[in-house]
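As C-alpha cells, the structure follows; a few thoughts come after it.
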Amino acid sequence: MFDRRLVVNFDWVLLLTVLFLAGAGIVNLYSATASWHASTPIYLKQCLWLFGGVMVALIICLFDYRHLEHFAVHTYIVSVGLLIFVLTLGKTTMGATRWIDLGFFNLQPSEVIKIAIILLFSRIFSQTASFVGYSFLELWKPFLWLLIPVGLILKQPDLGTATMVVFIAATMLLFAGVKRGTMVVLSILGILTAVAGWFGLHDYQRARIRTFLNPEADPLGSGYHIIQSKIAVGSGGFRGKGFLQGTQSQLSFLPERHTDFAFSVFAEEWGFSGSLVLLLVYLFLIVWGLYIARRAADRFGMFLALGVTAMIFWHIVVNLGMVIGLLPVVGVPLPLFSYGGTSMVTTMIGVGLLMNVSMRRFMF
Amino acid sequence: MGLDVKWIELPAVQRRFLFYSAAATLVFLLLLLRLWYLQVIHYEELQERSVKNRTRVLSLEAPRGPIYDRNGVLLVDNRPSFQISVMRQDVENRELLFDALSGLLGIEKAELEKRWDAGRGFPIYRPVPLATDVSREVMEKIQEHSVDLPGILTEVRPIRDYLDQGSTAHLVGYLGEITEEELARKDFAEYRAGDFVGKTALEKSYEDYLRGHKGKRLVEVDVQGKLLRQLQMETSSPGNKIFLTIDRELQRATDEAFGDQSGAAVAIDVHSGEILAMASRPTFDPALFAKGIGSDEWREMIHDKRHPLQNKVIAGQYPPGSTFKMIVALAALREGVAGEKRIVDCQGDFEVGGSRYRCWKKDGHGPTDLRKALRESCDVWFYQVGLELGIDKLSQAAREFGLGGLVGYPLPGERAGVIPSQEWKRKNFNKPWYAGETVIASIGQGFVLATPLQLAVMTAALANNGTVLKPQVIQKIEDWQGNVLFDSQPEIVRRIDYDPQAWKAVRDGLIAVVNAPRGTGHAARLDDITVAGKTGTSQVVRRKSDEEEEEEVNGDIPYRFRPHALFVAYAPAEKPDIAVAVVVEHGQSGGRAAGRSPKRLFSVTWN
C-alpha cells in the first residue's frame with residue numbers, strides 16, 4: 001500500500017504556499033488583535049487551528065482519494081442530514097441557525113456540505129461527462145442534489161454559504177461541459193433566479209445589497225463596515241502604514257477585523273505592495289490547484305482538485321470583493337487568513353484532498 | 001482509466017484548464033485594479049478620512065487677562081471652577097440620567113434638558129455644560145456616582161474671580177455666554193458656543209486684549225471617542241494684563257463712605273486725568289454673571305429702582321446744584337460782569353419777571369461778596385450775577401469746563417448732561433428763553449444736568465489752572481510676558497484761559513467752603529491737608545400730585561423726592577493732586593451727606 005513514490009511526489013509547493021498564506025494570516029491576526037486582552041491571544045488560537053488543519057490534511061493524504069468516490073453519496077446524505085438537524089435543533093446566534101454545538105467545537109454543517117457537494121459532483125461528472133457536454137435533461141439529477149442543501153442553507157439563513165455552494169457546483173459543471181443550448185437556458189434561468197431571489201431575500205440581506213450600492217447613505221449604520229474597510233484599505237496607500245501601525249484597525253474603527261475583514265487590516269498596514277504579494281500568492285495557489293487537477297491520475301481526482309480549487313477561489317474572490325467594496329457584504333472568510341476554526345479546517349480538508357490527488361498523480 | 005486520460009487530454013478540455021487559469025488571473029487582476037484605485041488613486045482622500053476618524057482637536061481655554069489696580073494689586077483674576085458636562089454620545093438613556101443628576105445637582109430636570117438642547121449645534125464629541133461652578137461637595141458626589149452617570153464628566157475651567165467684591169464692577173463690567181449673533185460675527189471667529197465674552201464696560205471694550213489665544217490639542221481617539229494620546233499641542237497664551245488707573249485703597253474708601261446710600265463718586269488725578277476711584281452705588285456682584293446668571297436674579301437687578309447695573313459716574317445725570325456756582329463765578333469774573341468785591345445784599349429771596357426765587361437761607365446772608373457767596377453758598381448773589389451774565393455766556397463757560405458734552409470717558413455708556421442756552425431751548429422746545437431760567441441755571445438747577453464725571457473733570461480743571469483733561473481708566477496694558485502694549489499719556493482736551501486773579505478768587509472761596517467758619521463743606525475738612533470744595537443740594541423734579549399725596553401723609557419728605565447731595569473738592573488746596581465729585585442720591589444736604597466721601601478719600605491718600 002505505502003509507496004515510495006508518495007514521498008517523492010509529495011506536493012511541497014502546495015504545502016509551503018498554504019503555510020506561507022496561513023503564516024501571513026497569523027502575523028496579521030497578531031496585529032489585528034493587538035489591543036485585545038484575552039487569556040489566549042487570537043493568533044495563538046489560530047496557530048492551533050493551523051496545526052490541527054495541517055494534521056487533518058496529512059491524515060487525508062494517508063489513504064487513496066479514489067476510495068472517496070465510493071463514499072461520496074454517503075457523505076452527501078450525512079451532510080444533508082446534518083443540515084436538517086441544524087435547522088431543527090441547532091444553536092441560534094444573531095437570528096441565524098448555523099451551528100451544532102459539539103462542546104469543543106461548533107460544527108457548521110453548511111461547511112461540510114461544500115466538501116460533500118465537491119465529492120458528489122466529482123463522482124457524477126467523472127462517471128458521466130461526455131465529449132459533447134451535458135444537455136439540460138441530463139442535469140436534472142445533479143440540480144436536485146444541489147438544490148436540496150442550498151435550500152436548507154438558505155433557510156438558516158446563510159446567503160453567503162449558499163452562494164458559495166452554487167458557485168462551486170457551477171464551476172465544476174461548466175468544466176464538465178454543457179451543450180450550448182443548455183448553457184443559454186441555464187444563463188437565463190440564473191438571471192431569473194437572481195431577480196426572483198431579490199424578492200425572496202430577507203430585509204437585512206436586501207439592505208446589505210442596497211448598502212453595497214450606496215454605502216454613504218447610512219455611514220454609521222449598515223454602510224459602516226464597508227466605509228471603514230475602504231478607508232482602512234485606501235489609507236494604507238502604496239507602502240502601508242507599517243505593522244501594528246494601522247490606525248483603522250488598532251483603534252477599532254474597523255469592525256470584525258480578525259474575521260471577515262482581516263484583509264483590510266493587512267492592506268492598511270502593508271499597503272498596495274504587500275497586498276500585491278499576498279494576492280499573487282493566492283493566485284498562485286489557485287493556478288497550482290488547477291495544475292494539480294490537470295495532472296490528476298483520473299477524472300475523479302481531476303474534478304476533486306478542480307472543486308476544491310473552485311471552493312478556495314470563490315472564497316478568496318467573494319471575501320476580497322467584499323472588503324474592498326466590489327461585492328456586497330456577505331459573511332465569507334478569507335481562507336487561511338481570517339480567524340476561525342471552521343474555515344481553517346474546511347480549507348485544510350480541501351488542501352489535504354489536493355495533496356492527495358497531487359501525490360498520487362502517477363498511480364494508475 | 002484509459003478513457004479518463006483521453007478525456008483530459010482532449011484539446012477542448014485542455015483549453016478549459018487554460019481558460020480557467022486565465023479567468024482566475026483576470027479576476028485577480030480586477031481585484032488588484034480595485035486595490036490600486038483605493039490605495040493609490042484615492043489614497044489621499046481615504047488617508048485624510050482615516051486621520052479624521054482618529055483625531056480630534058480640543059481647544060484649550062486661554063486664561064482671560066487679569067486686571068490690576070494702578071499699583072499692581074490684583075482686582076480681577078481667574079480661578080479654576082468645576083463644571084459638570086455631558087458627553088452626549090455616551091448617554092444611552094437621557095431620562096434616567098437626568099433623573100439621577102437632577103437630585104445630585106439640585107437642578108430641575110427641565111432645566112437640564114434645556115441646557116442639553118442648547119448644545120445641539122456642538123459636534124458630538126464636545127461635552128455640553130450642564131452646571132457651572134459647582135461646589136467641591138457636589139463635584140465629589142458626582143464622582144462617587146460616576147458609574148451610574150455614563151457620559152457625565154467633570155471639567156475644570158477658569159472662571160472670573162473678583163477679588164474686590166464688585167467694587168469696580170461698573171468699570172470692569174461682566175461676562176456672559178456668547179450669543180448666537182455674536183458667534184456669527186467675524187471678530188468672534190475664534191470663539192465657540194459656550195464661551196464667555198465681555199458683555200459690558202471694560203470686559204467688552206477690551207475683549208480683544210483680555211481674551212488671549214486659545215490653545216489646541218490634537219489627540220488620538222479610538223472608535224468610542226476615548227482619548228488615547230496627545231499628538232500635538234499648541235499651548236494657549238493668556239490674555240493681556242490690564243492695569244487700571246484705579247487705586248484700590250482709594251476705591252475702597254470711596255465705596256465705604258457711601259454706606260447704604262446710593263449715588264456715585266469719582267476721583268481724578270488733576271495732572272493726568274487718570275481716574276483714581278470711581279464708585280457707583282449700589283453695585284452688583286459680577287461673579288453672578290461669571291457662571292451664567294439666572295433669569296430671576298437678572299430680572300430683579302434690572303427692576304431695582306436704585307439701578308445697580310447703571311454706572312452712575314458716567315451715566316447718572318444730576319442737576320449740579322451749587323457745585324455749578326464756581327463756573328458762574330469764573331465766567332462773571334472773566335466777562336467783567338462782577339468783580340471779586342461785588343456785593344449783593346441777600347435778603348433771602350430774589351425777584352425777576354414776577355417770580356420769586358428763594359435763597360436756601362430764609363433769613364438771607366446780608367451783604368455778600370463772591371468769597372462769602374461761595375463759602376456760604378448764597379443763592380441770591382448768583383441769581384443776580386448769573387442774570388447779568390446771561391445764559392449764553394454762562395453756557396459757554398460751562399462747556400469749556402467739559403459740561404454739557406461728552407468728556408471722553410474711554411469706555412462706552414457716557415452721557416452728555418445738559419447745559420442749556422437760548423438756542424438749545426429754541427431747538428428742543430421751540431420756545432424763547434426766560435430770565436427766570438437763567439436765574440435757576442445759575443445755581444445749577446432747572447435744565448442743567450451733569451454727570452459726576454463731568455463735575456470731577458470740571459473741578460480738576462479748576463484745580464490745575466484750566467486744563468481740561470480726558471479721563472483715563474487704563475494706565476497700562478502688558479502682555480503676559482511683560483511687554484508693554486499701551487501706556488497711558490495725559491490727553492489735554494483744552495486749556496481755559498482766565499486771569500490768575502479770577503482763579504485765585506474762586507479757589508479761595510472753595511477753600512473757605514471747607515475750612516472757614518460757616519463754610520458749608522465742613523464735613524470734608526481735614527487737619528493736615530487743606531481741602532477745597534463746593535457743596536451742592538439739588539432739587540429732584542417732582543409732580544404736584546405726588547407732592548400732595550406723599551408729603552402730607554408722612555410729614556417727612558419721601559425718599560425719592562429728597563434732594564440729591566453733591567460735593568466737589570480737590571486737595572491739597574495749595575498744590576492740588578486730586579479732584580473729587582460725589583453725588584449722594586436723595587442725600588438731602590450736600591455738605592453733610594456728600595462731604596464724608598472726599599474726606600475719607602483724601603485722608604486715605606495722604607495718611
Side-chain angles (χ1 to χ4, degrees), chain A residues 35 126 129-131 133 171 174-175 177 227-228 230-238 240-241 246-248 250-255 267-268 271-273 275-276 279-280 282-283 286-287 289-291 293-302 306 309-310 313 316-317 320-321 324-326 364, chain B residues 1-56 89 124 219-229 231:
Chain A
S35 61
S126 67
S130 62
F131 303 109
T171 309
L174 279 182
F175 195 92
I227 289 174
Q228 294 302 330
K230 271 195 211 172
I231 292 174
V233 172
S235 65
F238 188 82
K241 293 179 183 170
T247 55
Q248 284 288 102
Q250 301 303 332
L251 305 177
S252 312
F253 290 102
L254 196 59
E268 184 184 21
F272 181 79
S273 45
S275 308
L276 177 69
L279 257 66
L280 287 180
Y282 267 117
L283 178 59
I286 300 306
V287 173
L290 290 172
Y291 180 62
R294 190 175 159 188
R295 290 189 311 179
D298 60 355
R299 269 163 74 168
F300 178 71
M302 189 216 75
L306 182 78
T309 307
F313 173 79
I316 297 169
V317 170
L320 292 185
I324 61 183
L326 282 178
F364 292 100
Chain B
M1 299 243 174
L3 195 115
D4 283 337
V5 174
K6 263 189 206 155
W7 189 83
I8 288 175
E9 284 175 356
L10 275 176
V13 177
Q14 287 293 319
R15 272 208 304 278
R16 273 176 213 164
F17 275 117
L18 213 66
F19 173 75
Y20 268 40
S21 303
T25 310
L26 256 172
V27 169
F28 271 72
L29 200 65
L30 189 71
L31 293 174
L32 282 170
L33 275 176
R34 173 69 177 182
L35 280 171
W36 180 266
Y37 172 83
L38 289 177
Q39 298 191 297
V40 178
I41 298 176
H42 281 257
Y43 167 67
E44 271 169 36
E45 171 206 331
L46 293 167
Q47 161 69 17
E48 204 172 285
R49 286 180 71 174
S50 88
V51 170
K52 240 191 236 163
N53 252 348
R54 73 182 176 105
T55 54
R56 302 280 182 274
Q89 59 182 16
I124 189 73
V219 294
E220 186 173 75
V221 296
D222 69 5
V223 68
Q224 274 110 33
K226 208 170 78 191
L227 212 144
L228 298 178
R229 66 194 168 115
L231 301 171

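Every chain is numbered from 1 and lettered A, B, ... according to where its sequence line falls, protein lines coming before strand lines.
- Between A:T171 and A:F313, the closest side-chain pair of non-hydrogen atoms is not below 4.5 Å.
- Looking at residues two or more places apart in sequence or on another chain, you find no side-chain contact (heavy atoms from CB on, under 4.5 Å) involving B:L18.
- Heavy-atom pairs under 4.5 Å with chain A were tallied for B:F17, B:W36, B:F19; the largest tally goes to B:F17.
- Of the listed residues (A:I316, A:L283, A:L326), the one with the most heavy-atom contacts under 4.5 Å to chain B is A:L283.
- In terms of heavy-atom pairs under 4.5 angstrom with chain B, the leader among A:T247, A:V287, A:L306, A:L279 is A:L279.
- Residue contact with chain B, scored on non-hydrogen atoms closer than 4.5 Å, involves the side chain of A:I286 exclusively.
- A:E268 contributes atom CD, which lies 10.5 Å from atom CZ of A:F253 (distance to the nearest 0.5 angstrom).
- To the nearest 0.5 Å, the span separating OG on A:S252 from CG on B:N53 amounts to 11.5 Å.
- No side-chain heavy atom of A:K230 sits less than 4.5 Å from a side-chain heavy atom of A:I324.
- Of the residues considered (A:L320, A:V233, A:L276), A:V233 shows the highest number of contacts with chain B, using heavy-atom pairs under 4.5 Å.
- Residue A:T309: no heavy atom, backbone or side chain, is found under 4.5 Å from chain B.
- Contact count against chain A (heavy-atom pairs under 4.5 Å) is highest for B:R16 among B:E48, B:R16, B:R54.
- The list of side-chain hydrogen bond (donor to acceptor under 3.5 Å, both in side chains) pairs with a residue in residues 18-35 of chain B, not counting sequence neighbours, is empty.
- Contacts of A:Y282 with chain B are made by both backbone and side-chain atoms, with heavy-atom separations under 4.5 Å.
- For the atom pair A:Q228 CD and A:S235 OG, the distance stands at 9.5 Å (nearest 0.5 Å).
- Contacts between A:L174 and chain B at a heavy-atom distance below 4.5 Å involve backbone atoms as well as side-chain atoms.
- Both the backbone and the side chain of A:A293 come within less than 4.5 Å of a heavy atom of chain B.
- The distance from the OG atom of B:S50 to the CG atom of A:L251 is 9.5 Å, given to the nearest 0.5 Å.
- Taking CD of A:Q250 as the reference point, atom OG of A:S35 lies at 6.0 Å (rounded to 0.5 Å).
- Proximity to chain A involves both the backbone and the side chain of B:V13, based on heavy atoms less than 4.5 angstrom apart.
- When each of B:L31, B:V40, B:V51, B:L30 is scored by its heavy-atom pairs under 4.5 Å with chain A, the top score falls to B:L31.
- Of the atoms belonging to B:E44, not a single heavy atom falls under 4.5 Å from chain A.
- Neither the backbone nor the side chain of A:A310 comes within less than 4.5 Å of any heavy atom in chain B.
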